[in-house]
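Okay, so here's the structure we're looking at.
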Amino acid sequence: MSIQLPPLFESRMQRWLGGEYEDFVASYDRPRHAGIRVNTLKIGLEDFKAASPFGLKPIPWCETGFYVDENERPGKHPYYHTGLYYIQEPSAMEPAEALRPEPGDRVLDLCAAPGGKSTQIAAKLEGRGVLVTNDISAERTKALAKNIEMSGVRNAVVLNETPERIAQRFPAYFDKILIDAPCSGEGMFRKDPDAVRQWEKHSVEVCTVMQRDILDTVASMLAPGGRIVYSTCTFSPEENEAMIALFLARHPDFVVGEMPHSPLFAPGRPEWAAGLAESGGGLSPLLHEPAQGGEPALRPEALAQTARAARIWPHLAEGEGHFVCVLEHTGEKAAREAGAAGTAPGPFIGAGEPMPAAEDGGRASGGPKGKGRREERGARSPRREDKSAREARGRGRDAYVREEASEETVRRACLDFLAAHVSVPLTGTLLISGGYAYACPVEPERLRGLKVRRSGFRLGMVKSGGRFVPSNALAAALSPRESARTLNLSSSLPEAVSYLKGETLTPGEERIERAEGVDAKGYVLVAIDGYAAGWGKWASGVLKNEYPAGWRWNG
Ligand SMILES: C[S@@+](CC[C@H](N)C(=O)[O-])C[C@H]1O[C@@H](n2cnc3c(N)ncnc32)[C@H](O)[C@@H]1O
């Protein structure tokens, strides 16, 4: 075997798997499986299948997931940069499927970085409802925010907080919560040899204490009748079945729910956890703590429920090792009125004068722009549009400089920019935070005092001289028909990669597609094969590249 497994891990697995052990270890010598998940916020599934640069083989438990050949280098295609797909390990696609988020839900993804499952949840929300996505690691939330933004998500808040502090602000708030728990990572030994080295450090003992605390805190954030999905990428029963059974003992208002794809996966193994408790063995100190009333911590009826969880085994499925368990709250779900606290309060654009929405809301509708585009945009009066753009410029400079980008200045500049450049039905509260304008999908006061990486959909900021600079998050979330000006590049020509590398392009004026009455000079949405990538600023045949340094194509 090419991987040196920790001896303690080997002996434990041998004991539990018995005759299956040989097949299990043999899987370490087989190549790992690579997957991509189509981002339906930006492209329809059928459109992607038709346009895919890679051979696709469906992943049976995720409709939008496909096995791909890693040698085709999916991270090195312009479509990756336009957020058309996310590169994700196939088994890791199951937890968000089991969560079953629906448009309009309030969802928390607590341990979210770098954002594989958050982007999957966001696609399922279809831009409606709220996604609060969090990670305790400040460094890792940078990648999380980037992935959320590159995927064109408009209704997410990105936090960098402890579960306890989030719970103080969001009691009984969420319909669905995903805990992709920090774990000892045994299921990643094949994918990531470093996980073997990390096993001692992120030991089962340490992880179980963290997992117990996370589960208890999360329970207080779930609305009655809500659903939690708990997942790990490890095999140890202490972190899986035993963890769930201990949770059920402390929280009798939860039951283990059915897994949506259970026939595809192996069941949970309650008997392994029971064996640990009976032998007084096991690597978790929690197994030896008596529950309330002096009863044994692991109760048989709670353990029995964990057979309904799913184990994904590398020797039985085409994916790495995972454990996924659905926890359903038995309380009654309360009906929520549209616009009730915490849901998006409604369009804010144009100070109560929303621009007309694209017919389909503009999502998943990118694609090559048809003839009809100008007609659709014609719904917006070109005269009004021109006037508003002129006013924004005219009022501009001096006023902005004098006001030193006060919140009101940023707010006004943002609204002016949106009015002149995009027609997009934004909802939420227009919030100014850290100099940036955001469309915030939750009541802003909930975020007060929290460490926030993104207060919502980042729209842009005012720079010196009073210029409003739109964010790339705004560009990535638009479809070309929602932009006043677009330059469409072809993925089959070097210009697409040049743009993604941050280079200046020199497109002629005739290539700047624009709404009626809009001249070519100014901010242009740059799209690749009809899918938005970022901004450029066009003047006199030169497109200044505004693609952010941190997103650029390397190598
Ligand atoms: C398995 S990874 C998450 C992967 C992620 N869900 C995805 O799909 O891309 C676990 C994450 O939990 C975070 N974490 C660890 N302890 C945490 C805690 N107490 N609260 C929130 N996040 C935590 C780690 O920083 C790590 O990024």
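FYI, the numbering just counts along the sequence from 1.
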Whether the side chain of E320 engages the backbone of M188 through a donor-acceptor N/O pair (distance < 3.5 Å, no angle test) should be reported. no
Could you walk me through whether V324 and V229 pass the side-chain contact (heavy atoms from CB on, under 4.5 Å) test, one step at a time? CA-CA 7 Å; V324 188; V229 166; 3.8 Å; yes
Worked check of salt bridge (Lys or Arg N to Asp or Glu O under 4.0 Å) between D519 and R485: CA-CA 9 Å; D519 62 28; R485 300 180 193 89; 3.7 Å; yes
What distance separates T504 OG1 from K537 NZ, expressed to the nearest 0.5 Å? 13.0 Å
Side chain of T162, backbone of R165: donor and acceptor closer than 3.5 Å? yes
Can you check salt bridge (Lys or Arg N to Asp or Glu O under 4.0 Å) on E445 and R169, steps first, answer last? CA-CA 9 Å; E445 54 273 22; R169 294 285 174 186; over 6 Å; no
Could you check whether the rings of Y436 and Y438 sit parallel, tilted or perpendicular, using 30° and 60° as the cut-offs? tilted
Could you tell me if T119 and S151 have a donor-acceptor pair between their side chains, going purely by distance under 3.5 Å? no
D105/R128 salt bridge by N-O under 4.0 Å criterion: no
Just jot down the side-chain hydrogen bond (donor to acceptor under 3.5 Å, both in side chains) partners of E318, sequence neighbours excluded, or say none. K57
Any salt bridge between E70 and R73, counting N to O under 4.0 Å? no
Flag side-chain contact, heavy atom, 4.5 Å: E63 against E97: no
Side chains of S491 and D529: is there a donor and an acceptor less than 3.5 Å apart? yes
Main chain of R458, side chain of S471: is a donor-acceptor contact present, judged purely on distance under 3.5 Å? yes
Measure from the side-chain N and O atoms of D175 to the backbone N and O of R106, and report whether any donor-acceptor pair falls under 3.5 Å. yes
Between H81 and W553, is the ring centroid distance below 6.0 Å? yes
Using the test side-chain hydrogen bond (donor to acceptor under 3.5 Å, both in side chains), find all partners of D192 that sit at least two apart in sequence or belong to another chain. none
Within 6.0 Å of NZ in K463, more than 12 heavy atoms from elsewhere: no
Partners of A92 by side chain to side chain contact (heavy atoms under 4.5 Å, CB included), sequence neighbours excluded? Q88, E89, K117, H322
When R154 is tested against each of E126, E149, E482 for salt bridge (charged side-chain N to carboxylate O under 4.0 Å, His left out), which residue passes? E482
Could you tell me which non-hydrogen atom of A98 sits nearest to which non-hydrogen atom of R227, and how far apart they are? O-NH1, 2.6 Å
Looking only at side-chain N and O atoms, does D180 offer a donor or acceptor that is under 3.5 Å from a partner on S231? yes
Can you list everything that forms a salt bridge (charged side-chain N to carboxylate O under 4.0 Å, His left out) with E509? Sequence neighbours excluded, please. R514
Please report the closest heavy-atom contact between V68 and P74, naming both atoms and the distance. CG2-CG, 4.1 Å
Rounded to the nearest 0.5 Å, the CD atom of E72 sits from the OG atom of S52 at a distance of 8.0 Å
Could you check if a side-chain atom of I36 sits within less than 4.5 angstrom of a side-chain atom of F48, using non-hydrogen atoms only? yes
Are side-chain heavy atoms of L500 and P78 found at a separation under 4.5 Å? yes
Roughly how far apart are R446 CZ and F170 CZ, rounded to 0.5 Å? 6.0 Å
Please state whether the rings of F468 and F417 are parallel, tilted or perpendicular, taking 30° and 60° as the class boundaries. tilted
Rounded to the nearest 0.5 Å, how far does CZ of F174 lie from CG of D109? 10.5 Å
Only counting residues at least two apart or in another chain, list the ones meeting side chain to side chain contact (heavy atoms under 4.5 Å, CB included) with T506. none
With side chains defined as the heavy atoms from C-beta onward, is the minimum distance between N39 and K42 less than 4.5 Å? yes
Go through the steps for R454 and V157 under the test side-chain contact (heavy atoms from CB on, under 4.5 Å), then give the verdict. CA-CA 6 Å; R454 294 285 184 273; V157 168; over 6 Å; no
Indicate the atoms forming the closest heavy-atom contact of N155 with G129, along with that distance. ND2-O, 3.2 Å
To the closest 0.5 Å, what do you measure between OG (S483) and CG (L478)? 6.5 Å
Does N160 use its side chain to pair, donor to acceptor, with the backbone of V452 at less than 3.5 Å? no
Give the intermediate values and the outcome of side chain to side chain donor-acceptor pair (under 3.5 Å) for residues R453 and T141. CA-CA 7 Å; R453 172 78 57 196; T141 56; 3.0 Å; yes
Check step by step if ring-ring contact (aromatic ring centres under 6.0 Å, His included) holds for Y67 and F54. CA-CA 10 Å; Y67 296 103; F54 320 112; over 10 Å; no
Report yes if some heavy atom in the side chain of N545 is under 4.5 Å from a heavy atom in the side chain of W535; otherwise report no. no
At their closest point, which heavy atom of C440 faces which heavy atom of L447, and how far apart are they? SG-CD1, 4.0 Å
Listed once per pair and sorted, the ring pair (Phe, Tyr, Trp, His ring centres under 6.0 Å) pairs that draw on residues 493-513, sequence neighbours left out: Y499-Y547
When you look at N134 and I166, which way does the side-chain contact (heavy atoms from CB on, under 4.5 Å) test go after all the steps? CA-CA 9 Å; N134 174 71; I166 302 173; 3.4 Å; yes
With no hydrogens and no angle check, is any side-chain donor or acceptor of E102 less than 3.5 Å from a backbone partner on L125? no
Check whether any side-chain heavy atom of E443 sits under 4.5 Å from a side-chain heavy atom of T429, and report yes or no. no
Taking every heavy atom of A533 against every heavy atom of N472, the minimum-distance pair comes out as O-ND2, 3.0 Å
Just by distance, do the side chain of E546 and the backbone of G534 share a donor-acceptor pair under 3.5 Å? no
Are any non-hydrogen side-chain atoms of L110 and L178 less than 4.5 angstrom apart? no
Within the 4.5 Å heavy-atom criterion, are S406 and R411 side-chain neighbours or not? no
Which atom names give the shortest non-hydrogen contact between K124 and P101, and what distance separates them? CD-CD, 3.6 Å
How many angstroms lie between atom OG1 of T82 and atom NE2 of H77, to the nearest 0.5 angstrom? 8.5 Å
